[in-house]
Amino acid sequence: MRMRYLIEIICFACLVLCACLDDHTSLGDRELSEITISADRDTLTAYFGEEFVMKSLQVEQSGEELPLTYEWSYGTLNLVNEEMASYPIKDSLHVVSHDPELKYAFRELGTFGLRLRVENGQTVRYKYFVLHVDTEFGEGITVLSRDETGKGRISFMRPLTKEEINDGEEPVFRTDIMDLINPMIEMEDVTDMVQAGNRLLVCSGNTGRIYNMDSRTFDIEGMTSFKGTFPGCAFINFAGISSQNNMYLVSEDRRGYVYDFMLDELVLTDYFEELNVDAAVACDKPIFVDYETSTFYSPKTGGVNSSLARYADFDILSICPVGTKMYVIATHKLMPSYLYLSWTTSSLGNPTILHLYDASLPIKVNRNTLLAGSNPCECLYYTCDDGIYCWDLKQKLPTTPVIQIPSGMEVTSLSMDAEEKLLYVGLYEKDRVGELKGHLYIYDVKTAVLVNKYHEIADKPVKIVYKKRV
């Protein structure tokens with residue numbers, strides 16, 4: 001009897017199990033609704049403090065359209081041999097949104113891993129991105145200009161991202177950098193600008209002031225006037241770094257000052273205290289010139305190098321750095337029609353003479369000539385009243401300009417891009433109607449062909465640099 005009862009229980013259990021297996025509404029045999037996430041790109045760029053919106057994201061389900069939950073988070077990027085690791089984020093995650101479309105203002109600079117987690121109650125899917133959080137001003141063309149009173153303006157144009165290029169956007173200049181970043185500061189009598197690593201420096205003439213700002217943000221962190229310590233200082237231009245944080249400047253009192261841009265201190269060294277200098281250029285080290293004596297100087301440990309009497313027979317007209325060399329354009333004192341072309345280095349040994357010849361035409365180069373050299377292209381551009389000339393450094397000076405100056409404009413700034421393959425020409429149109437009368441024309445260095453032009457982007461251009469990312 002007991003055996004028969006046991007058999008009946010086993011048969012009943014089998015019937016129940018078969019019924020469950022035949023029931024296709026149960027979870028055991030249901031096809032799961034798989035989630036797939038796709039995006040146009042896996043590398044994203046956001047700008048510090050500005051709302052970033054994630055676009056072109058598609059989330060699909062293979063089966064039943066179930067309610068979805070989202071989680072956006074980011075953390076330290078996990079790289080292995082410069083490649084994204086199997087688990088791309090290390091350390092803790094910062095959850096920033098639960099919305100399908102990410103809208104968030106990141107306030108950390110750097111490169112991170114961004115994670116999207118999507119769940120529908122049956123399956124979970126993850127999608128990872130490389131996220132670059134940069135400042136809008138991290139890299140790009142930077143123009144220092146001044147109005148009729150000497151008040152400084154900074155204009156900036158960043159390069160477009162690949163996404164922006166694909167979307168057909170055009171690069172534009174922002175001309176309100178000072179009002180945006182430093183609304184309470186007015187730069188006075190600006191004369192030059194230079195980037196030194198993560199510092200962007202602007203010097204002033206009659207105020208003897210140096211504006212020291214973060215090159216990534218344009219935030220002015222120091223604006224010391226050194227008139228109290230050195231009453232005669234009125235800065236003309238920066239002359240380059242000699243060592244570590246020491247940036248040299250030329251001043252109207254014919255002195256070569258040293259500015260420590262990390263300590264915000266100005267020094268007049270003993271060996272420059274008695275030297276008269278009128279101009280300077282930056283090669284591998286600063287090189288100064290005394291036009292009256294036709295003598296060059298460059299700083300060295302514990303003193304200065306001097307060209308002594310090597311140029312005593314010549315009147316120095318212009319100097320320009322090309323790579324680690326300084327090219328010199330001069331005329332013979334006894335034969336003023338004779339051009340003397342040479343180069344030297346910061347050691348100021350015997351110069352290498354390129355040409356000494358009787359110029360057939362009047363010499364147009366003078367001490368007000370603007371010059372910009374390109375080491376890769378082995379040439380030097382310079383300005384004259386009738387246009388911009390290009391000197392092939394293996395030849396004599398040219399006799400005709402390669403670039404015509406637009407009517408009604410004057411060239412007030414001449415420089416190269418970071419790779420020295422583009423020529424930046426800053427133009428000022430005095431009689432133009434409107435607030436901004438400064439323009440930028442960009443030329444190909446090899447061909448002197450106009451590449452781009454940007455009108456009304458500045459006041460009177462003083463210096464144009466390509467600010468590098470640091």
Student: Taking the six-membered ring for Trp and the full ring for Phe, Tyr or His, determine whether the centres of Phe106 and Phe112 are under 6.0 Å apart.
Tutor: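 Judged by ring-centre distance (under 6.0 Å), Phe106 and Phe112 do not meet the cut-off.
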Student: Do Asp290 and Thr295 meet the criterion of a side-chain donor-acceptor pair at a distance under 3.5 Å?
Tutor: no
Student: For Phe238, does the six-membered ring have the charged nitrogen or CZ of Lys463 within the cation-pi criterion, i.e. under 6.0 angstrom from the centroid and within 45° of the normal?
Tutor: no
Student: Please check if the distance between the ring centroids of Tyr340 and Tyr338 is under 6.0 Å.
Tutor: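 They do not qualify: ring centres at least 6.0 Å apart.
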Student: Ignoring hydrogens and angles, tell me if any N or O in the side chain of Ser318 forms a donor-acceptor pair with the backbone of Thr369 under 3.5 Å.
Tutor: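 Checked: no pair found.
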Student: Under the side chain to side chain donor-acceptor pair (under 3.5 Å) test, which residues partner Glu456, sequence neighbours left out?
Tutor: Arg432
Student: With Phe296 as reference, evaluate Tyr311, Tyr291, Phe288 under the ring-ring contact (aromatic ring centres under 6.0 Å, His included) test and give the passing residue.
Tutor: Tyr311
Student: Within the structure provided, determine whether Asp386 and Lys364 are in side-chain contact (heavy-atom separation under 4.5 Å).
Tutor: yes
Student: Which donor-acceptor pairs under 3.5 Å do the side chains of residues 256-266 make with protein atoms, sequence neighbours left out?
Tutor:
residue : atom : partner : partner atom : Å
Tyr257  : OH   : Asp253  : OD2          : 2.6
Tyr259  : OH   : Asn212  : ND2          : 3.1
Tyr259  : OH   : Asp264  : OD1          : 2.6
Asp260  : OD1  : Met262  : N            : 3.0
Asp260  : OD1  : Leu263  : N            : 3.0
Asp264  : OD2  : Thr224  : OG1          : 2.5

Student: So, applying side chain to side chain donor-acceptor pair (under 3.5 Å) with His132, which one of Thr45, Thr161, Thr111 is it?
Tutor: Thr111
Student: Tyr70 and His98: aromatic ring centres closer than 6.0 Å?
Tutor: no
Student: Using the ring of Phe129 (Phe, Tyr or Trp, six-membered ring only), decide whether Lys127 places NZ or CZ under 6.0 Å from its centre and within 45 degrees of its axis.
Tutor: yes
Student: Fit a plane to each ring of Phe314 and His332, take the angle between them on a 0 to 90° scale, and name the class: parallel (under 30°), tilted (30 to 60°) or perpendicular (over 60°).
Tutor: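 Answer is perpendicular, since the angle exceeds 60°.
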